Protein chains: 2
Amino acid sequence: MNIGQAAEASGVSAKMIRYYESIGLIARTVRTEAGYRVYSENDVHNLRFIRRARDLGFSVERIGELVSLWRDRSRASTDVKRLALDHVAALEQKAAELQAMADTLRHLAEHCRGDDRPECPIIAGLAAGDLPSPPSRTARKFGGSIGRPPAEHVIDDLPTKA
Amino acid sequence: MNIGQAAEASGVSAKMIRYYESIGLIARTVRTEAGYRVYSENDVHNLRFIRRARDLGFSVERIGELVSLWRDRSRASTDVKRLALDHVAALEQKAAELQAMADTLRHLAEHCRGDDRPECPIIAGLAAGDLPSPPSRTARKFGGSIGRPPAEHVIDDLPTKA
DNA sequence: TTGATCCTTCCAATGATGGGAAGGTCAAGG
DNA sequence: CCTTGACCTTCCCATCATTGGAAGGATCAA
């Protein structure tokens, strides 16, 4: 099986398969004379494992840990469980942080009339508001990436009190 | 005020202030003869605005949109409200996705005895499990970055059925 | 044989931020 | 006056997972 077919079958892009190989997450495969990588059904299975773990939000580094636990026959299920529960806790904390951000922003929006007039408590709230304790660095990553073309935006002068 | 004091006062690091300037989010400041950037109280105010918006999870690009709405005297509050509510919806969706990941993983973990024996439904579930529909690309970013040193990890051979 | 489609490697970009090097500037104290 | 240390400047690099593309070779079907 060539890399393209393995990608199709596993749901991991060919690009990523090569990347996982390069960082040592998966082993180097057999090559054809021409240098093409050759994959077995088992390789595809392994790739699917990785993909599922990624879908559950495990980082590649974490997956490496899972994989080494897996390969180690003498591993105790305690270790896996701890890893999983740590991850559950981290996911839940981040979910809660995002929800808190949403709540804060929704609160601001609720007081915005949303009409043609320029008065807007959202802007005012951002400018002057007391915000709850800042979220974790990771939670911030969730800002944008949802559509709309960029606008020209240079702050020259903002009102000191909105 | 030098950049260090502006950073201290605004909660935005000097590095990030220079970065925001470089991408055009804030205007170029006055410089001293020696080339030092000079900031006013108003600049600090603007930086704080940006920082608060970042804390609410707005991307820099989005903040640019907010800023241009702000600067435009004729902007309608509708526009700001729409931007804010879009953002609320995105935050909530992502929070829900993370929570769903956590639920799935917790479910797997609940069936793990967590003792010395190697049998572990978490690993088995990852290897064979039917996972819910894959989360959004952005939600995946949440995988790792919480501690623990890297382990050696190369998949040579994983069990086909765990 | 030709053209389409695969594969290879290498390089670059993303977003927001931190780290650091190499060098200039400034204020205070000896 | 000169040194010291704290600050500032620009520039480059790293992160993390992933995508994109270019340049060139391989394979396959017509």
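The shown structure was predicted, so the numbers you read here are calculated from the model rather than taken from an experiment. Every chain is numbered from 1, with letters handed out A, B, ... down the list of sequences.
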Write down the distance between [atom1] ([X]) and [atom2] ([N]), rounded to a whole number of angstrom.
{"X": "B:Tyr19", "N": "D:dT10", "atom1": "OH", "atom2": "C1'", "result": "17 Å"}
{"X": "B:Arg51", "N": "C:dA16", "atom1": "CZ", "atom2": "C1'", "result": "14 Å"}
{"X": "A:Tyr39", "N": "C:dC6", "atom1": "OH", "atom2": "P", "result": "16 Å"}
{"X": "B:Ile63", "N": "C:dT17", "atom1": "CD1", "atom2": "P", "result": "8 Å"}
{"X": "A:Asp55", "N": "D:dA17", "atom1": "CG", "atom2": "C1'", "result": "13 Å"}
{"X": "B:Phe58", "N": "C:dA16", "atom1": "CZ", "atom2": "P", "result": "13 Å"}
{"X": "A:Glu21", "N": "D:dA17", "atom1": "CD", "atom2": "P", "result": "17 Å"}
{"X": "B:Glu33", "N": "C:dC26", "atom1": "CD", "atom2": "C1'", "result": "13 Å"}

Taking atom OH of B:Tyr36 and atom CD1 of B:Ile3, what is their separation to the nearest 0.5 Å?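 CD1 of B:Ile3 is found 11.5 Å from OH of B:Tyr36.
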
How many angstroms lie between atom CZ of B:Arg51 and atom CG of B:Leu47, to the nearest 0.5 angstrom? 11.0 Å

Quick one: is [N] close enough that its OP1 or OP2 comes under 4.0 Å of any side-chain N or O from [X]?
{"X": "A:Arg37", "N": "C:dT8", "value": "yes"}
{"X": "A:Arg31", "N": "C:dT9", "value": "yes"}
{"X": "B:Tyr20", "N": "C:dT17", "value": "yes"}
{"X": "B:Ser13", "N": "C:dG18", "value": "yes"}

So which one's nearest nucleotide on DNA chain D is more toward 5', A:Met16 or B:Ala34? B:Ala34

Does the pair B:Arg48/B:Glu8 count as a salt bridge with the N-to-O cut at 4.0 Å?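 The answer is no: the pair does not qualify as a salt bridge.
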
A:Glu61 and A:Arg54 ion-paired at < 4.0 Å: no

Over all heavy atoms of both residues, which pair between [X] and [Y] is shortest? Give the atoms and the distance, please.
{"X": "B:Leu56", "Y": "A:Leu105", "result": "CD1-CD1, 4.0 Å"}
{"X": "B:Ser13", "Y": "B:Ala7", "result": "C-CB, 4.0 Å"}
{"X": "B:Ile26", "Y": "B:Ile17", "result": "CD1-O, 3.7 Å"}
{"X": "A:Ala102", "Y": "B:Glu92", "result": "CB-CG, 3.5 Å"}

Show each protein N/O and nucleotides 21-25 of chain D N/O combination with a separation under 3.5 Å, one pair to a line.
unit_1, atom_1, unit_2, atom_2, d
D:dG21, O6, A:Lys15, NZ, 2.2
D:dG25, N2, A:Tyr36, OH, 2.9

Reckon B:Arg18 touches a base, only the sugar-phosphate, or nothing at all at heavy-atom distances under 4.0 Å?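 Touches a base.
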
Looking for any heavy atom pair under 4.0 Å, which part of the strands does A:Thr32 touch: base, sugar-phosphate only, or nothing? nothing

Out of B:Lys94, B:Gln99, B:Gln93, which residue meets the side chain to side chain donor-acceptor pair (under 3.5 Å) rule with B:Glu97? B:Gln93

Within 6.0 angstrom of A:His107 NE2, more than 12 heavy atoms from elsewhere: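 It does not: A:His107 NE2 has 12 such atoms or fewer within range.
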
Close approaches to DNA chain D from residues 1-11 of chain A, in residue order (heavy atom, under 4.0 Å): none

